[in-house]
Asks: 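Before we start, here is the structure in question, set down as structure tokens.
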Amino acid sequence: MVITMLKIKNLTVTVLDKTILEHFNMEIHAGEIHALMGKNGAGKSTIAKVIMRDPSYKIKSGTIFYQEQNLLEMTTSEAAQSGIFLVNQNPIEIEGVTNAEMLRTSLNDAGKNDMNILEFNRKLVNLCNQLHLPTSFIHRDINFNMSGGEKKKNELLHMWMLEPQCIILDEIDSGLDVDSLKLVANSILEYYNQYKPAILIITHQKNLLDILKPDFVHVLDNKKIVQTGDYQLALDIFKNGFSRTSIISESDQNE
Amino acid sequence: MKVIKMNKIVVEQKEFSVENKNIIIKEFKNTIQDLHIIGKVNLGILTIPQNFVLNIYLHEQAILNIDLFVHLNNIKNQFNIYSKYQSKLNFHYSCIFDGNNFLNIYNFIQSDETEANVYVRAVENNGTFEIKAEGSVLEKTKENIYLEDIKALTNHNHCIKIQPNLLVKSNQVIANHNMTISNINHQELWYLESKGLNRSVAIDLLKTGFLKGILNLEEIKQEVKSFE
Ligand SMILES: Nc1ncnc2c1ncn2[C@@H]1O[C@H](COP(=O)(O)OP(=O)(O)OP(=O)(O)O)[C@@H](O)[C@H]1O
Ligand SMILES: [Mg+2]
């Protein structure tokens, strides 16, 4: 049976009285990789943060179900504890709180901490090696004074430790050099092969999608999904841009 | 992580000297205490008496790093720091407070080429706190550096009063104050929640993080952790 991970229906979202998303629909099943594309300011990060239950966004109408639970009735902590994970477009820095402290506390709060401290450390050391991060990162303050690329890898370190089932990656490929991008993409692929989560990738670039080969590609424009296709749609967009690929954008331009 | 074990001591003499040593002071027996610093000293302080005056004499070229974490509960404390030629001070004061509390830090810069970095981090539990930080740079002294960075976390801004004051009689000094009173950063809180931490736990972690941020000694950081 196919498990529906996320079912977003007719969602209208505002921030400071400005409507960002209107009649937005999307459905993601377990084991599927979706890509969300769209112009700057289209509302991609907004939907990512809405799913993570960011209280700055007001839900005017519509529903979101996560594995048959009403996501709109869940807090951010509850959403995270039930397996949703977001890598923000710009991961913030938290001085004074280390990766290890945060991760251990998170596993405890979710009631998932079956590792003793040695196993926990061993797992972190292995992951640092896999992600080509120095093991000193385990006790570094979260993203604090890390380079752009290191932050993205650091977020993946969190993902591997927390083992989420529904992953949203908001431009995880931005600011990565060629080698880091390959490493990050392969790490995500490996995670996918191991856990078969649902993944939503927000990106403007081809490289990550070349490796992760999304099952579905959505174009967000004019506050809603205007087109859904397969990987070929992404290739068309990379080749021709949004305006020639997507239908509504043209009428949008005539406005 | 490498942790150097430091000696823990109780200070009983009214006049006490530390020379080229790393020590943790568990307790001061006197409420007025003179402390002489010679050479390079790392000092951790775990508790202070109710009404406490600590006079710190930094001898020529002394380097002192102080890390202190205390839970203030109706406590008045005063630190008078006398800096001699080419001495360097890093003063890191972290606290949680209840009741009514006062902290005065006086820096008397009496000579040339000294450097003082004063950091204070205070988290309100339930109480008030008045912080006075004063630097006094003597006439005709040269090339002194005096930096103050005082931050407090609270939901009730009126509970905290910070008064920085710099008396500079010399024009050859680099001085800077930085003071902020704020609430928990909502973006940071949301980030931790999005990683699965319950709100109250995330708030505690941010508070202790804020307090630990300025500390260097593992023993003192540990105190902040165990306070949670
Ligand atoms: N918290 C907020 N306050 C005010 N405006 C916001 C807020 N969040 C988003 N917006 C606005 O909503 C619109 C959509 O923003 P969003 O960040 O979702 O775009 P995006 O598709 O992710 O763009 P990009 O490709 O540049 O990352 C923008 O016009 C933005 O200015
Ligand atoms: Mg964005």
Side-chain angles (χ1 to χ4, degrees), chain A residues 48-49 51-57 74-88 90-113 121 135-136 138-144 151 154-155 157-159 161-164 168 170, chain B residues 1-4 67 69 92-96 119-123 149-153 178 180 182-228:
Chain A
K49 286 186 269 186
I51 294 168
M52 203 68 251
R53 306 294 297 115
D54 185 332
S56 355
Y57 299 92
M74 290 162 93
T75 63
T76 298
S77 311
E78 286 164 352
Q81 286 167 12
S82 55
I84 301 179
F85 183 87
L86 165 67
V87 175
N88 256 309
N90 301 303
I92 62 160
E93 305 187 359
I94 305 188
E95 187 179 2
V97 182
T98 68
N99 278 322
E101 274 176 319
M102 192 265 292
L103 290 168
R104 203 149 175 86
T105 315
S106 170
L107 290 169
N108 274 336
D109 284 3
K112 285 193 295 202
N113 204 357
N121 272 322
T135 51
S136 60
I138 296 171
H139 297 288
R140 287 258 314 249
D141 291 352
I142 300 165
N143 295 334
F144 187 65
K151 282 181 190 167
N154 196 48
E155 293 289 319
L157 182 72
H158 299 169
M159 176 185 84
M161 286 303 287
L162 302 175
E163 301 180 358
I168 305 161
D170 193 354
Chain B
M1 233 183 332
K2 214 172 92 195
V3 180
I4 309 157
D67 266 20
F69 170 72
H92 304 142
Y93 184 108
S94 259
C95 67
I96 293 182
Y119 291 88
V120 179
R121 296 290 181 271
V123 169
D149 182 29
I150 302 175
K151 291 188 180 151
L153 265 192
N178 180 11
T180 44
S182 61
N183 208 325
I184 291 279
N185 180 319
H186 283 272
Q187 280 187 325
E188 294 182 356
L189 181 58
W190 187 72
Y191 178 93
L192 292 181
E193 291 180 294
S194 81
K195 293 286 159 85
L197 275 68
N198 291 330
R199 173 164 287 217
S200 62
V201 177
I203 290 175
D204 284 349
L205 213 51
L206 287 173
K207 283 182 180 172
T208 51
F210 174 78
L211 293 168
K212 272 191 305 176
I214 56 166
L215 301 174
N216 296 315
L217 300 177
E218 210 47 48
E219 276 91 344
I220 307 295
K221 286 190 190 179
Q222 216 59 46
E223 288 296 306
V224 183
K225 268 189 205 164
S226 57
F227 188 81
E228 277 174 45

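Note that the structure is predicted; figures quoted are calculated from it, not measured. Any value given below was found using the heavy atoms of this structure, including those in side chains, with hydrogens, waters and symmetry copies removed. First the proteins, then the strands, lettered A, B, ... as listed; each starts at 1.
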Asks: Pick one of side chain, backbone, both or neither for A:L162, based on which atoms fall under 4.5 Å of a heavy atom in chain B.
Replies: side chain
Asks: Out of A:A80, A:A79, A:G96, A:S77, return the one with the most heavy atom pairs under 4.5 angstrom to chain B.
Replies: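 The candidate making the most pairs under 4.5 Å is A:S77.
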Asks: Given a strict heavy-atom distance threshold of 4.5 Å, which part of A:L107 is in contact with chain B: side chain, backbone, both, or neither?
Replies: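 The answer is neither part of A:L107.
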Asks: With the side chain counted from C-beta on, respond yes when A:T75 and B:R199 share a heavy-atom pair under 4.5 Å apart, and no when they do not.
Replies: no
Asks: Distance check, rounded to the nearest 0.5 Å: B:L192 atom CG versus A:T76 atom OG1?
Replies: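 The distance works out to 11.5 Å.
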Asks: With a 4.5 angstrom heavy-atom cut-off, could you sort out which part of A:D54 is near chain B: side chain, backbone, both or neither?
Replies: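 Both parts, heavy atoms under 4.5 Å.
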Asks: Within this structure, what is the CD1-OG distance for the pair A:I84 and B:S194, rounded to the nearest 0.5 Å?
Replies: 11.0 Å
Asks: Could you grab the distance from atom CD1 of B:I214 to atom CD of A:E95, nearest 0.5 Å is fine?
Replies: 10.0 Å
Asks: To the closest 0.5 Å, what do you measure between CD (A:E93) and OH (B:Y191)?
Replies: 10.5 Å
Asks: Using a strict threshold of under 4.0 Å (side-chain N to carboxylate O), is an ion pair present between B:K212 and A:E101?
Replies: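 Looking at A:E101 and B:K212, the cut-off is met.
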Asks: Test your reading of the model: is there a side-chain donor-acceptor pair from A:Q81 to the backbone of B:G196, 3.5 Å cut-off?
Replies: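 Yes; judged by distance alone, with no hydrogens or angles, the pair exists.
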Asks: Please classify the contact of B:K195 with chain A as side chain, backbone, both or neither, using a heavy-atom distance under 4.5 Å.
Replies: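 Its backbone and side chain both get close to chain A.
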Asks: Testing the basics here: between B:N198 and A:D109, what is the closest heavy-atom pair and its distance to 0.1 Å?
Replies: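 Residues B:N198 and A:D109, closest heavy atoms: N-OD2, 2.8 Å.
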Asks: Test side-chain contact (heavy atoms from CB on, under 4.5 Å) on B:W190 and A:I92 and set out the steps.
Replies: CA-CA 10 Å; B:W190 187 72; A:I92 62 160; over 6 Å; no
Asks: Mind checking the CD-OG spacing from B:Q187 to A:S56? Nearest 0.5 Å is all I need.
Replies: 8.5 Å
Asks: Enter the distance from B:L206:CG to A:I94:CD1 here, rounded to the nearest 0.5 Å.
Replies: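 CD1 of A:I94 is found 5.5 Å from CG of B:L206.
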